[in-house]
S.K.: 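First, the structure itself, so that you have it in front of you.
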Amino acid sequence: MEGGNGSEVEREEEDSMSDILQDRFRLSAISIAENEAKKNGVEISEPITSCIADLALNYTEQLAKELEVFAQHAGRKSVNMEDVILSAHRNEHLTVLLRSFCNDLKEKEPQSERKRRKTSKKEDKATTSAVNIPDI
């Protein structure tokens, strides 16, 4: 029965690590909200910063699930930049920013890395084309 205890201990360790990461995420979100408020000369109450932190965490968790589904739908086990860009399809401005960021990363990638990495023509086209979804 040691095998059962081992998996239980591992699960408890994973849960503990998850709690620590969530706490760190919330603290970072609170810090960002407070700094932005200060930078803009606005006061922000503690309950509001806590609410912002919880919303940011919930959004991030939902985004991670969405990205996983996009990758699975494409038959991959890993999320790539196109999945991230696709997740922003409802926000044209964010999509443009993400594409620009992606292109900047590609430009900074060493030439040797670009040569080694083989991409399909379909992947190249997807990376360079813009997603344009009209407002309804």
S.K.: Tell me which donor-acceptor pairs under 3.5 Å the side chains of residues 33-42 have, and how far apart each pair is, sequence neighbours excluded?
M.R.:
{"from": "Asn35", "atom 1": "ND2", "to": "Ser31", "atom 2": "O", "distance (Å)": "3.3"}
{"from": "Glu36", "atom 1": "OE2", "to": "Lys39", "atom 2": "NZ", "distance (Å)": "3.1"}
{"from": "Asn40", "atom 1": "ND2", "to": "Glu36", "atom 2": "O", "distance (Å)": "2.8"}

S.K.: Using a 4.5 Å cut-off between side-chain heavy atoms of Ile, Leu, Val, Met, Phe, Trp and Tyr, which other residues end up in the same hydrophobic cluster as Phe25?
M.R.: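 Members besides Phe25, by chain and number: Leu57.
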
S.K.: Considering residues at least two apart in sequence or located in another chain, which fulfil the side-chain contact (heavy atoms from CB on, under 4.5 Å) criterion with Ala71?
M.R.: Arg76, Val79, Asp83

S.K.: Ignoring hydrogens and angles, tell me if any N or O in the side chain of Ser28 forms a donor-acceptor pair with the backbone of Arg24 under 3.5 Å.
M.R.: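 Yes, Ser28 side chain to Arg24 backbone: donor-acceptor pair under 3.5 Å.
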
S.K.: First locate atom CE of Met81, then atom SG of Cys102, and finally report the distance between them rounded to the nearest 0.5 Å.
M.R.: 4.5 Å

S.K.: Is there a side-chain contact between Glu82 and Phe70 (heavy atoms, below 4.5 Å)?
M.R.: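 They are not in contact (no side-chain heavy atoms under 4.5 Å apart), so the answer is no.
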
S.K.: Run the side-chain contact (heavy atoms from CB on, under 4.5 Å) test against Leu94 and tell me which residues pass, sequence neighbours left out.
M.R.: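 Leu94 satisfies side-chain contact (heavy atoms from CB on, under 4.5 Å) with Ala88, Asn91, Leu98 once adjacent residues are dropped.
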
S.K.: Do Ile30 and Ile32 land in one hydrophobic cluster if side-chain heavy atoms of ILVMFWY residues count as linked below 4.5 Å?
M.R.: no

S.K.: Which distance, rounded to the nearest 0.5 Å, do you find between the CD of Gln62 and the CG of Leu67?
M.R.: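 Answer for the CD-CG pair, Gln62 versus Leu67, is 10.0 Å.
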
S.K.: What pairs with Ser16 under side-chain contact (heavy atoms from CB on, under 4.5 Å), at least two apart in sequence or on another chain?
M.R.: Ile20

S.K.: Mind checking who shares a hydrophobic cluster with Val69, ILVMFWY linked at side-chain heavy-atom distances under 4.5 Å?
M.R.: none

S.K.: Report the distance from atom CD of Glu8 to atom CZ of Arg11, rounding to the nearest 0.5 Å.
M.R.: 6.0 Å

S.K.: Would a distance-only check, ignoring hydrogens and angles, find a side-chain to backbone donor-acceptor pair under 3.5 Å from Thr60 to Ala56?
M.R.: yes

S.K.: Is there a side-chain contact between Thr95 and Ile85, using heavy atoms and a 4.5 Å cut-off?
M.R.: yes

S.K.: What residues form a side chain to side chain donor-acceptor pair (under 3.5 Å) with Asp23, not counting sequence neighbours?
M.R.: none

S.K.: List in chain and number order the residues that pass side chain to side chain donor-acceptor pair (under 3.5 Å) with Gln22, two or more places apart in sequence or in another chain; answer none if no residue qualifies.
M.R.: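 Result, side chain to side chain donor-acceptor pair (under 3.5 Å) vs Gln22: Glu61.
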
S.K.: By side-chain contact (heavy atoms from CB on, under 4.5 Å), which residues pair with Asp54, not counting sequence neighbours?
M.R.: Arg26

S.K.: Remaining members of Leu21's ILVMFWY cluster at a side-chain heavy-atom cut-off under 4.5 Å?
M.R.: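 Leu21 clusters with Met17.
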
